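Reading through the C-alpha cells given below for one structure.
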Amino acid sequence: MPTLSTLISGKGLTPTDATIWINRRKANVIDLRTEEDFKLGHLPNAKNIALESLGASLKTMKIDQKYPVVVIGRGPAHSQKAAKELRNLGYTEVGVLEGGINAWQTSGLPLIKS
C-alpha cells in the first residue's frame, strides 16, 4: 500500500531501496538538513542543499536530470516539499528516504562525517 509521502511527493524509499538507487542507478543524494546536522553524518556523496535555494543550487551543481534523486529532509513534510519542487524543476524520478537519516543508521548503513 502506498504511503502518504509516495502519494504526495514521489516514491518512498527504504534504506535498502535508496542504496540500490545510489549504487545501481547512480542516483544523486540531496540532503536538506542543516549544515551542522550534515557534518555530523550524511550519506556518501550527498550534497547539502537548503530547501530555500534548491533550484539555484541544482543549476550551479549541474545535477543531471536523467538520474534519479534521493531526498533526505528534516522530516516528512520537509522532504515532500523538496520532492515536489524537484519534479516541478523537471526531475522525473524522485524518491524520499523514509525515516530519514535515522532509518539509514538503524539499518547499519555507513555515514560520512565531515
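These numbers come from a predicted model, not from an experiment.
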Can Ile20 be reached from Val96 by stepping across I, L, V, M, F, W or Y side chains whose heavy atoms are under 4.5 Å apart?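 Result: no, two separate clusters.
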Honestly curious: do Leu111 and Ile72 fall in one hydrophobic cluster under the side-chain, below-4.5 Å linking rule?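 Yes, Leu111 and Ile72 fall within the same hydrophobic cluster.
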Do [X] and [Y] come close enough that some side-chain heavy atom pair is under 4.5 Å?
{"X": "Arg33", "Y": "Ile101", "result": "yes"}
{"X": "Leu13", "Y": "Val70", "result": "yes"}
{"X": "Arg74", "Y": "Leu51", "result": "no"}
{"X": "Leu40", "Y": "Glu36", "result": "no"}
{"X": "Glu93", "Y": "Trp21", "result": "yes"}
{"X": "Leu54", "Y": "Ile30", "result": "yes"}
{"X": "Leu97", "Y": "Pro15", "result": "yes"}
{"X": "His42", "Y": "Lys113", "result": "no"}

So, [X] side chain and [Y] main chain: donor-acceptor pair closer than 3.5 Å or not?
{"X": "Ser53", "Y": "Ala56", "result": "no"}
{"X": "Asn48", "Y": "Phe38", "result": "no"}
{"X": "Trp104", "Y": "Ala18", "result": "no"}

Would you say CG of Asn45 has more than 12 non-hydrogen atoms from neighbouring residues, nucleotides or ligands within 6.0 angstrom?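 12 or below, so no.
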Stepwise, does the side chain to side chain contact (heavy atoms under 4.5 Å, CB included) test hold for Tyr91 with Leu58? CA-CA 11 Å; Tyr91 292 83; Leu58 291 171; 3.8 Å; yes
Does this structure show an ion pair linking Glu35 with Lys39, if we count only N-O contacts that are shorter than 4.0 Å?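 Yes, charged N to carboxylate O under 4.0 Å.
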I would like to know whether Asp31 and Ile49 meet side chain to side chain contact (heavy atoms under 4.5 Å, CB included); could you show each step before the answer? CA-CA 6 Å; Asp31 191 322; Ile49 302 174; over 6 Å; no
Write down the atom of [X], the atom of [Y], and the distance for their closest heavy-atom approach.
{"X": "Glu98", "Y": "Ala103", "answer": "O-CB, 3.4 Å"}
{"X": "Pro68", "Y": "Arg25", "answer": "CD-O, 3.6 Å"}
{"X": "Ser79", "Y": "Gly73", "answer": "OG-N, 3.0 Å"}

Rounded distance (nearest 0.5 Å) linking atom CG of Asn28 with atom CD1 of Ile22: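 If I round to the nearest 0.5 Å, the distance is 9.5 Å.
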Could you please spell out the steps behind the side chain to side chain contact (heavy atoms under 4.5 Å, CB included) verdict for Val71 and Val94? CA-CA 7 Å; Val71 176; Val94 180; 3.8 Å; yes
Could you walk me through whether Glu85 and Leu89 satisfy the side chain to side chain contact (heavy atoms under 4.5 Å, CB included) test, starting with their C-alpha distance in whole Å, then the side-chain angles of each, then the deciding distance to 0.1 Å, before giving a yes or no? CA-CA 6 Å; Glu85 185 171 339; Leu89 292 169; 4.1 Å; yes
